[in-house]
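Along the sequence shown, residues are numbered consecutively beginning with 1. Please read these numbers as outputs of a predicted model, since none were measured by experiment. Scope of the values below: all heavy atoms of this structure, side chains included, with no hydrogens, waters or symmetry mates.
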Amino acid sequence: SEGLDASGLEPARLKLAGFEGRSEQVTVWPGEGPATVLIGLGERQALTAQGLRRAAAAFGRAVRRHEGAALHLGPAVEVLGDKVATQAVIEGMTLGLYEFLAHKSKPSPSPLSSVWLLGAGQGGAEGLERGHIVSESVLWARDLVNEPGGKLSPRALADAAKAFGEAAGVTVKVRTRKEIKAMGLGGLLGVNRGSANPPRFIELRWRPSGEVRASVALVGKGITFDSGGLSIKTGTGMMTMKSDMAGAAAVMAAVAAVARLKLPVEVRVYVSATDNMTGPDAMRPGDVLQLRNGKTIEVLNTDAEGRLVLADALSVASENKPDAIIDLATLTGACRAALGAKIAGVMGNNEGWLSQVEAAAGRVGEPVWRLPLPPEYRKQIESNVADMKNIGSGEGGALVAGLILQEFVGEGIPWAHLDIAGPAFVDGEDGEYTKGATGFGTRLLVDLVEQFAKP
């Protein structure tokens with residue numbers, strides 16, 4: 001009513017309390033009954049779904065020690081629409097409240113069990129369902145990435161994918177070492193040589209029962225732990241290397257969400273899974289591997305292993321001639337150095353496809369930045385003994401890695417490479433992210449598939 005804001009409090013009293021409505025500003029207003037939590041949304045005309053998502057995460061953290069809460073969506077619905085606003089709120093709260101407690105001896109989870117959404121509008125129910133489906137997939141991906149590498153073996157990763165995928169209506173096929181060898185996946189076998197855990201090649205497929213308007217392939221790097229191999233990492237550099245399968249987690253989580261949403265696009269997922277260890281027969285610098293598409297690669301640094309397993313998966317993905325391919329990988333420290341911990345690098349061979357990836361990233365709030373694939377850098381990977389080397393001169397490392405991957409994409413197929421080394425695993429809370437695994441890329445991929453147009 002006149003003279004009151006959406007909370008029912010006089011603007012003068014809010015100002016006195018220091019509440020100015022800045023984005024994500026939180027003020028708790030005590031009362032005789034339940035407290036009122038005020039969450040700022042910033043300037044009305046500047047409100048976006050991502051801004052609302054972050055504000056909802058702030059609200060969730062403010063009430064996480066209560067058993068129940070109510071959230072009024074009125075202003076956000078007026079700006080964004082009921083479906084978009086409700087989905088953003090559900091995602092923000094669910095993802096912002098995430099905790100990984102599997103290995104706590106005395107876990108203390110949030111008691112918050114009920115949240116009432118007020119003013120959601122007619123489209124609120126659809127936004128609510130979509131928000132739950134997408135969020136559950138992101139949380140599954142986070143759980144996988146947060147799991148210690150000594151527990152999440154390639155076999156355990158495959159088992160988890162099979163259970164989660166099949167429950168969503170996805171067909172899952174897991175190939176063991178004998179089949180991998182028969183397929184000629186020399187990159188995957190080479191990286192696996194130093195490991196006591198046998199590799200897995202995981203394929204997931206969603207095919208709609210009705211009309212199929214397109215086909216998209218998702219490829220994920222599935223290194224369940226990366227010691228660096230014989231080119232061993234430092235102790236500090238190894239601390240978060242359980243997260244080196246974050247790309248695999250994201251693509252597998254995304255296809256499950258796509259299936260649950262029943263999107264009319266066929267999606268095939270390919271994951272090469274192994275750890276990269278220093279066992280007695282570990283891959284040596286100077287070894288030459290022959291990969292699935294017949295090309296050979298000289299391994300001069302065993303810590304540049306992700307491109308080897310991705311190359312095999314990209315080759316297999318290309319054979320089915322999808323309308324487009326996108327791969328996700330925690331691939332290079334160079335990309336993190338260039339873009340930091342909040343932005344992923346994106347590169348590829350097709351302007352239309354890259355533009356679609358950028359648009360999806362903007363809609364879901366998972367930022368990416370376009371990087372080039374300069375053909376003049378191709379000279380860096382020329383080898384005297386093989387078709388190419390697995391590293392360059394040390395400069396432009398993220399771009400050189402992309403150029404190597406491009407060698408294994410089928411001719412004429414639109415392809416994008418997303419280097420998520422920065423945002424896949426973070427040090428603290430930020431918006432809907434919590435410390436540790438973020439599930440970055442899952443929401444982007446779901447939106448990308450839903451909005452897909454043949455490039």
Side-chain angles (χ1 to χ4, degrees), residues 154 175-203 219-233 241 244-245 247-248 270-319 325 327 329-332 377-394 397-398 400-410 415 417 419:
R175 301 185 187 275
T176 58
R177 186 196 300 275
K178 183 178 179 180
E179 295 168 293
I180 291 169
K181 187 174 181 179
M183 292 173 69
L185 306 186
L188 177 55
L189 291 170
V191 175
N192 183 250
R193 280 175 59 177
S195 175
N197 295 303
R200 292 291 186 269
F201 189 73
I202 309 165
E203 300 177 55
V219 175
K221 175 185 172 183
I223 301 296
T224 56
F225 185 81
D226 184 15
S227 73
L230 293 183
S231 305
I232 196 165
K233 295 178 182 289
M241 283 301 102
D244 214 17
M245 37 61 66
Y270 305 88
V271 169
S272 294
T274 180
D275 47 6
N276 184 26
M277 303 299 284
T278 59
D281 192 35
M283 183 172 59
R284 294 117 167 120
D287 281 353
V288 175
L289 307 177
Q290 184 174 46
L291 280 71
R292 167 75 175 186
N293 69 351
K295 293 184 179 180
T296 58
I297 189 163
E298 181 185 11
V299 179
L300 294 182
N301 188 321
T302 64
D303 194 23
E305 86 298 329
R307 60 205 68 184
L308 303 176
V309 301
L310 281 172
D312 277 333
L314 285 168
S315 296
V316 176
S318 297
E319 291 165 11
I325 298 174
D327 73 76
T330 47
L331 202 61
T332 66
Y377 283 19
R378 177 64 176 77
K379 292 181 180 180
Q380 288 192 38
I381 60 171
E382 292 178 356
S383 168
N384 293 331
V385 299
D387 295 330
M388 70 195 83
K389 301 182 294 187
N390 79 323
I391 57 171
S393 63
V400 170
L403 287 169
I404 291 173
L405 296 181
Q406 190 175 31
E407 298 277 337
F408 299 89
V409 177
W415 158 74
H417 161 57
D419 191 331

- Message: I'd like to check the side-chain hydrogen bond (donor to acceptor under 3.5 Å, both in side chains) partners of T332; sequence neighbours left out, ordered by chain and number.
- Response: D419

- Query: Can you name the side chain to side chain contact (heavy atoms under 4.5 Å, CB included) partners of N197, sequence neighbours left out?
  - Reply: S153, P154, S195, D275

- With sequence neighbours left out, the residues meeting side-chain hydrogen bond (donor to acceptor under 3.5 Å, both in side chains) with E319 are R292

- State whether E382 and K389 are salt-bridged, where the test is any N-O pair (Lys NZ or Arg NE/NH1/NH2 against Asp/Glu carboxylate O) under 4.0 Å. no

- Query: Do the side chains of V299 and L289 get nearer than 4.5 Å, heavy atoms only?
  - Reply: yes

- Note on the structure: Residues pairing under salt bridge (charged side-chain N to carboxylate O under 4.0 Å, His left out) where one sits in residues 182-201, two or more places apart or in two chains, turn out to be R193-D281, R193-D287

- Kindly indicate, with the supporting measurements, whether the criterion side chain to side chain donor-acceptor pair (under 3.5 Å) is fulfilled by D312 and S272. CA-CA 8 Å; D312 277 333; S272 294; 5.6 Å; no

- Partner set under side chain to side chain contact (heavy atoms under 4.5 Å, CB included) for R177, not counting sequence neighbours: L189, N192, P198, P199

- Message: Among residues at least two apart in sequence or on other chains, which ones pass side chain to side chain contact (heavy atoms under 4.5 Å, CB included) with Q290?
- Response: T296

- Item | All salt bridge (charged side-chain N to carboxylate O under 4.0 Å, His left out) counterparts of D226, not counting sequence neighbours | K233

- Message: According to side-chain hydrogen bond (donor to acceptor under 3.5 Å, both in side chains), who are the partners of S227, at least two apart in sequence or on a separate chain?
- Response: none

- side-chain hydrogen bond (donor to acceptor under 3.5 Å, both in side chains) against N390, all qualifying residues, sequence neighbours excluded: none

- Message: I'd like to check the side chain to side chain contact (heavy atoms under 4.5 Å, CB included) partners of K295; sequence neighbours left out, ordered by chain and number.
- Response: N293, D387, M388, E407, F408

